[in-house]
Amino acid sequence: MLDIQLLRTNPDLVARKLATRGLQWDQSAFRALEDERKTVQTRTQELQARRNSASKAIGAAKGRGEDVSAQLAEVATLGDALTADEARLDEIQARLEEILLGLPNLPHDSTPIGSSDKDNVEVRRWGTPRLFDFGVRDHTDVGERLGLLDFATAARISGARFTVLKGALSRLHRALGQFMLDVHTSEHGYTEAYVPYMVNADSMRGTGQLPKFEEDLFGVPRGEQGKFYLIPTAEVPLTNFVRDQILAPEQLPLRLTAHTPCFRSEAGSYGRDVKGMIRQHQFDKVELVQIVHPDLSYQALEELTGHAESILQRLDLPYRVMALCSGDIGAGSAKTYDLEVWLPAQNAYREISSCSNFEAYQARRLQARFRNDKGRPELLHTLNGSGLAVGRTLVAILENGQQADGSVLVPAVLRPYLGGLERIQAV
RNA sequence: GGAGAGUUGGCCGAGUGGUCGAAGGCACUCCCCUGCUAAGGGAGCAUAGGACCAAAAAUUCUAUCGAGGGUUCGAAUCCCUCACUCUCCGCCA
């Protein structure tokens with residue numbers, strides 16, 4: 001959520017920044033509402049003040065045992081006007097809130113300007129894609145030939161966009177999550193957390209999934225009490241740790257990580273990545289979240305991105321870092337780096353992690369604050385990134401580690417998690 | 001699922017219709033005193049929004065005592081609904 005003060009005092013800046021996202025923001029509706037808000041609010045508060053002082057006088061007069069019927073009659077005349085004004089003010093403020101909740105964040109000055117992923121800027125590259133002296137298979141082929149990847153069974157159990165893993169592949173999947181958590185907690189200073197996979201609407205609103213992106217979520221009916229939502233990422237529960245909290249400065253930075261399943265409806269992605277486990281309704285991810293002092297959030301973004309990169313490096317997977325352009329970053333983000341891992345069968349780099357600085361966009365919705373050096377509550381900055389998407393990491397290992405005989409090499413750092421297994425063979 | 005008790009400021013906690021944005025304590029900030037590691041005295045100390053202003057400060061107004069609704073001239077206080085917490089019983093991985 002943007003600062004409404006900014007919309008009031010500098011609407012042109014807001015419009016200009018939003019335009020870099022390809023969004024033509026029509027200020028007129030906002031301005032008209034603001035003007036009305038001002039008159040109605042002033043009038044309402046005047047009426048309230050008159051009612052309050054009159055009521056106080058009645059109390060005092062009664063205390064002295066005087067007759068108050070004249071004063072009662074007078075204050076009664078305020079009633080209707082006040083009720084009407086209060087109702088109108090509520091309406092206006094709800095509308096303003098709606099507009100505010102619908103606006104995405106303003107891209108940071110360092111975010112490249114552009115309209116689509118074609119305009120994203122490569123920042124750096126790590127590793128060298130391996131040269132194959134045999135026909136490269138995609139991860140689906142590799143996994144199915146091993147007899148350990150089973151989409152047919154998944155389809156019978158649930159449907160499209162689900163996966164069943166078996167045997168060593170399932171264990172490799174488990175190992176990846178463990179490995180990532182171990183690195184982030186023991187070397188990068190994150191605190192591991194176990195969190196709910198179903199959350200309430202307030203939490204979804206806090207991180208920005210609601211109200212605009214409800215169609216991307218799975219909801220679980222809950223009778224009278226509305227519904228739960230399945231988390232699309234652990235960002236939601238982790239970032240909501242600080243909703244409605246005022247942190248002491250010495251608690252910062254907060255670094256949290258969790259390994260959770262993520263659930264996405266993938267509405268609107270029909271026809272994209274239909275084959276394989278690239279785009280699933282359910283996938284595992286190790287998420288990194290940082291809650292930091294506003295002055296330090298861009299430094300934190302570089303660090304957090306590095307934390308995610310270090311996993312790819314240890315797994316010896318070639319990747320590149322992309323600075324997403326203004327037209328491609330997520331709604332809440334001011335700046336995003338995507339990590340893209342090399343997938344030889346696609347002959348392309350594919351997203352495996354997305355690291356973003358939300359600045360105060362989420363914090364304002366969450367009312368997540370800290371006490372600054374003046375002792376005043378001030379909004380925090382929130383960041384998050386995948387460290388990494390476990391399913392896609394498995395895909396990368398299957399494709400990059402495949403051998404001519406159909407087996408797959410297990411990256412050295414994962415072998416301790418697999419009882420020393422060096423190579424996954426067909427069963 | 002049943003029965004009961006709760007939810008007040010950074011924390012603890014008083015407050016059952018008016019003088020309550022809210023006693024008292026703790027914590028914190030400043031000043032004074034004292035001087036040796038802890039104590040005494042004084043002052044300040046919620047959040048958000050509005051008005052005023054070029055802006056800030058000051059001033060002032062409004063709202064906020066779990067959330068929403070109601071009664072009333074007036075609600076932390078009375079009524080209703082909901083959420084959450086705790087205790088006991090039941091069920092249960």
Side-chain angles (χ1 to χ4, degrees), chain A residues 1-13 30-31 33-101 194 196-206 220-229 237 240-252 254 360 363-380:
Chain A
M1 189 156 75
L2 298 176
D3 184 358
I4 193 164
Q5 300 291 0
L6 189 65
L7 301 208
R8 283 177 188 146
T9 57
N10 206 342
D12 293 335
L13 171 78
F30 175 77
R31 281 175 183 247
L33 270 172
E34 258 296 292
D35 287 345
E36 194 185 352
R37 190 222 89 227
K38 207 161 167 173
T39 42
V40 176
Q41 181 165 358
T42 311
R43 199 167 62 212
T44 307
Q45 294 188 346
E46 259 166 39
L47 288 173
Q48 284 170 330
R50 275 167 63 192
R51 182 202 58 199
N52 288 348
S53 62
S55 293
K56 221 166 217 180
I58 290 172
K62 272 194 167 173
R64 292 190 300 270
E66 298 170 9
D67 174 40
V68 295
S69 51
Q71 294 170 63
L72 279 178
E74 193 196 326
V75 79
T77 62
L78 296 175
D80 288 349
L82 188 53
T83 308
D85 274 355
E86 280 174 340
R88 181 61 192 150
L89 188 60
D90 282 352
E91 234 172 83
I92 293 167
Q93 279 175 335
R95 275 287 302 140
L96 284 171
E97 165 113 348
E98 205 181 303
I99 289 173
L100 224 48
L101 283 174
Y194 171 78
Y197 302 157
M198 297 194 288
V199 302
N200 57 35
D202 282 344
S203 292
M204 287 294 188
R205 230 185 323 273
V220 180
R222 206 194 162 194
E224 306 277 307
Q225 294 143 39
K227 57 178 159 182
F228 286 126
Y229 293 90
N240 272 280
F241 274 34
V242 293
R243 171 151 54 90
D244 294 323
Q245 302 296 306
I246 299 176
L247 303 186
E250 56 270 21
Q251 291 176 268
L252 302 175
L254 220 56
R364 187 169 290 109
R365 292 168 169 239
L366 293 160
Q367 282 302 296
R369 296 170 295 173
F370 73 106
R371 216 163 269 285
N372 66 21
D373 46 20
K374 292 195 190 80
R376 315 289 303 175
E378 183 179 334
L379 293 172
L380 290 157

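Chain letters run A, B, ... following the sequence lines, proteins first and then strands; every chain starts at 1. Quick note: numbers below take in every heavy atom, side chains included, and nothing from hydrogens, waters or symmetry partners.
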(message) Strictly distance-based, threshold 3.5 Å: is any side-chain N or O of A:Arg365 a donor or acceptor partner for the main-chain N or O of A:Arg205?
(response) yes

(request) Would you mind reporting whether A:Arg51 and A:Leu47 have side-chain heavy atoms less than 4.5 Å apart? (result) no

(message) Please check this pair: side chain of A:Asn240 against backbone of A:Ser203, looking for a donor-acceptor N/O pair closer than 3.5 Å.
(response) yes

(request) Look at all strands and tell whether A:Arg43 reaches a base, only sugar-phosphate, or nothing, counting heavy atoms closer than 4.0 Å. (result) nothing

(request) Starting at atom CD of A:Glu97, determine the distance to atom P of B:A63, rounded to an integer number of angstrom. (result) 20 Å

(message) Please report the distance, rounded to the nearest Å, between CG in A:Leu72 and C1' in B:G74.
(response) 10 Å

(message) How many whole angstroms separate atom CD of A:Glu34 from atom P of B:A51?
(response) 8 Å

(message) Categorize A:Gln5 for me: base, sugar-phosphate, or nothing, with a 4.0 angstrom heavy-atom threshold over every strand shown.
(response) sugar-phosphate

(request) Measure the distance from CG on A:Asp90 to C1' on B:G68 and round it to the nearest whole Å. (result) 12 Å

(message) Can you confirm whether A:Leu82 sits close enough to A:Thr44 that some side-chain heavy atom of one is under 4.5 Å from a side-chain heavy atom of the other?
(response) yes

(message) So A:Ala49, base contact, sugar-phosphate only, or nothing? Heavy-atom distance under 4.0 Å.
(response) sugar-phosphate

(request) Any strand is fair game: report the nucleotide pairing with B:U72 by Watson-Crick or G-U wobble, both distances under 3.5 Å, or none. (result) none

(message) What's the gap between B:G70 and B:C61 when it is taken at their P atoms, as a whole Å value?
(response) 27 Å

(request) Determine the interatomic distance between P on B:G9 and the same-named atom on B:C65; round to the nearest Å. (result) 10 Å

(message) Base, sugar-phosphate or nothing for A:Lys62? Non-hydrogen atoms, less than 4.0 Å.
(response) base

(request) With P as the reference atom in both, quote the distance from B:A56 to B:A51 in angstrom, rounded to an integer. (result) 11 Å

(message) Please report the distance separating the C1' of B:G25 from the corresponding atom of B:G18, rounded so that it comes out in whole Å.
(response) 27 Å

(request) Please state the C1' separation for the pair B:A46 and B:C33 - nearest whole angstrom. (result) 31 Å

(message) Can you tell me if A:Arg369 touches the phosphate of B:A48, counting only side-chain N or O atoms and a distance under 4.0 Å to OP1 or OP2?
(response) yes

(request) Using whole Å, report how far CG of A:Asp244 lies from P of B:U64. (result) 18 Å

(message) Just the rounded figure in Å: distance from C1' of B:U62 to CD of A:Gln93.
(response) 11 Å

(message) Go nucleotide by nucleotide along RNA chain B from the 5' end; which of A:Ile58 and A:Gln45 gets its closest nucleotide reached first?
(response) A:Gln45

(request) Examine B:A63: is either OP1 or OP2 under 4.0 Å from a nitrogen or oxygen in the side chain of A:Arg51? Give yes or no. (result) yes

(message) Does B:U62 have OP1 or OP2 under 4.0 Å away from a side-chain N or O of A:Asn52?
(response) yes

(message) If I pick the P atom on B:G17 and the same atom on B:G13, what distance separates them, to the nearest angstrom?
(response) 23 Å

(request) Check the distance between B:U60's C1' and A:Arg50's CZ and give it to me in whole angstrom. (result) 17 Å

(message) I need the CD-C1' distance between A:Gln245 and B:G10, as an integer number of Å.
(response) 12 Å

(message) It should be established whether A:Lys38 places a side-chain nitrogen or oxygen under 4.0 Å from OP1 or OP2 of nucleotide B:A51.
(response) yes

(message) Under a 4.0 Å threshold between the charged nitrogen and the carboxylate oxygen, would A:Glu91 count as salt-bridged to A:Arg88?
(response) yes

(request) In plain terms, say whether A:Glu98 and A:Arg95 are close enough for a salt bridge, that is, a side-chain N and a carboxylate O under 4.0 Å apart. (result) yes

(request) Determine the interatomic distance between P on B:C11 and the same-named atom on B:C28; round to the nearest Å. (result) 16 Å

